[in-house]
Amino acid sequence: MFTLLTALSLIILSAYAVPAPQASVPTPGPVPLVANAPAIASGLKGQASQNDRLKKLLLDSSGNLLTGAALRQLTVFDFNQQTVTAGAKGGSILLATVDNFPILEEMGIAGAVSLVGPCGLNIPHSHPRASEMFIVVEGILDTGMVQENGFNTEIQTQLAQYQGTVFPMGSIHYQQNPTCSPAVFVAALNSEDPGRSDIATNFWMLDSDVVDAALGFPTTIDGGNIDAWRAHLPVNLAAGVDSCLTACG
């Protein structure tokens, strides 16, 4: 007779039963970056809708969905395809944008994964067309951010695993690994073409006279202070100010 004791015994035995072995799932292989991504993305711009873009991108000439590696390359972005610039020791970063992942065309999103080495620094930069959500997935990272004129202070944070912060569009920001262990972060940006401007690198591309004046002289140079600063100004800049003052009376 099936009794309550029998039922309880079966429940207890089932709790300690050895689970059946699960079939192992093979690790997906690497996916190469799309070599002609900009040309593909350009061809998607004239499509009327998202469906039309996906059809043009993912269907073959007979209207059938691509298969295998061809489909995978166009729908999977492999952040393992990181490359380290020769001589660079701080780490690496790979940003998925419409330039290398054409399916992003008109989606308004991009993403990045970065491996930051011990003591590594992702130098101060800005994204002219996107705000950024930034999340640490391994290690510890210090971050800093400077907003536009009028908010005249730096916002600093320290992030541990699975903690995040934001960088508004156009803000100058950086990340640094203060530890002796590697760190990893992921970032999401609200544009398929966020852009990146490295502040120090691009500043030094300006004319040397402008750089000198910006670093060592008043924020404005005009008729009221040109004589006081003439001995310190680069010759070309002083001559330019004189010419402008003369032309403008």
Identify the heavy atoms of Pro30 and Asp78 that sit nearest to each other, and give their distance. CA-OD2, 3.3 Å
Mark yes or no for whether Gln161, through its side chain, and Gly139, through its backbone, hold a donor-acceptor pair below 3.5 Å. no
Out of curiosity, Thr83 OG1 to Gln81 CD, how far, rounded to the nearest 0.5 Å? 9.0 Å
Does a donor on one side chain and an acceptor on the other come within less than 3.5 Å for Thr157 and Thr143? yes
Taking every heavy atom of Leu104 against every heavy atom of Ile109, the minimum-distance pair comes out as CD1-O, 3.7 Å
For the student: nearest non-hydrogen atoms of Ala214 and Phe203, plus distance: CB-CZ, 4.0 Å
For Pro38, does its backbone N or O pair with a side-chain atom of Ser42 as donor and acceptor, under 3.5 Å? no
I'd like to know if Leu121 and Val116 are part of one continuous hydrophobic network [Ile/Leu/Val/Met/Phe/Trp/Tyr, side-chain heavy atoms within less than 4.5 Å]. no
Can you run down the salt bridge (Lys or Arg N to Asp or Glu O under 4.0 Å) pairs that involve residues 38-54, sequence neighbours left out, and say none if there aren't any? Lys45-Glu105
Sorted by chain and residue number, the side chain to side chain contact (heavy atoms under 4.5 Å, CB included) partners of Gln147 (sequence neighbours excluded) come out as Met145, Phe151, Pro168, Ser171
Backbone N or O of Phe167 within a donor-acceptor pair of the His173 side chain at under 3.5 Å? no
To the nearest 0.5 Å, what is the distance between CG (Leu58) and NZ (Lys55)? 12.0 Å
Min side-chain heavy-atom separation Gln50-Met107 under 4.5 Å: yes
What pairs meet the salt bridge (Lys or Arg N to Asp or Glu O under 4.0 Å) rule with one or both residues in residues 115-126, with sequence neighbours excluded? none
Pro178 and Gln158: which non-hydrogen atoms are nearest, and at how many Å? CG-NE2, 4.1 Å
Side chain to side chain contact (heavy atoms under 4.5 Å, CB included) against Pro32, all qualifying residues, sequence neighbours excluded: Gln73
Results of ring pair (Phe, Tyr, Trp, His ring centres under 6.0 Å) for Phe185 - residues two or more places apart only: Phe134
Apply salt bridge (Lys or Arg N to Asp or Glu O under 4.0 Å) to Arg196 and list each qualifying residue two or more places apart in sequence or on a separate chain. Asp198
Return yes if some donor-acceptor pair links the side-chain N/O of Ser126 with the main-chain N/O of Pro128 below 3.5 Å, else return no. no
Among residues at least two apart in sequence or on other chains, which ones pass side chain to side chain contact (heavy atoms under 4.5 Å, CB included) with Asn51? Ser49
Partner set under side chain to side chain contact (heavy atoms under 4.5 Å, CB included) for Gln156, not counting sequence neighbours: Glu154, Tyr174
Do you know the tightest heavy-atom contact between Gly164 and Leu159? O-CD2, 3.9 Å
Salt bridge (Lys or Arg N to Asp or Glu O under 4.0 Å): which pairs involve residues 120-142, sequence neighbours left out? Arg129-Asp193
Other ILVMFWY residues reachable from Met169 by side-chain steps of under 4.5 Å: none
Could you list the donor-acceptor pairs under 3.5 angstrom formed between side-chain atoms of residues 91-102 and any protein atom two or more places apart in sequence or on another chain?
unit_1, atom_1, unit_2, atom_2, d
Ser92, OG, Gln82, OE1, 2.7
Thr97, OG1, Asp99, N, 3.1
Asn100, OD1, Thr97, N, 2.9
Asn100, ND2, Leu95, O, 2.9

Going by salt bridge (Lys or Arg N to Asp or Glu O under 4.0 Å), name the pairs with one or both residues in residues 168-181, residues two or more places apart or in two chains. none
Is the closest side-chain heavy-atom distance between Val184 and Val136 below 4.5 Å? no
Can you check whether Val211 reaches Trp204 side chain to side chain, under 4.5 Å on heavy atoms? yes
Would you confirm whether Asn177, through its side chain, and Gly117, through its main-chain N or O, come within 3.5 Å as a donor-acceptor pair? yes
Donor-acceptor contact below 3.5 Å, side chain Asn36 vs main chain Ala39: no
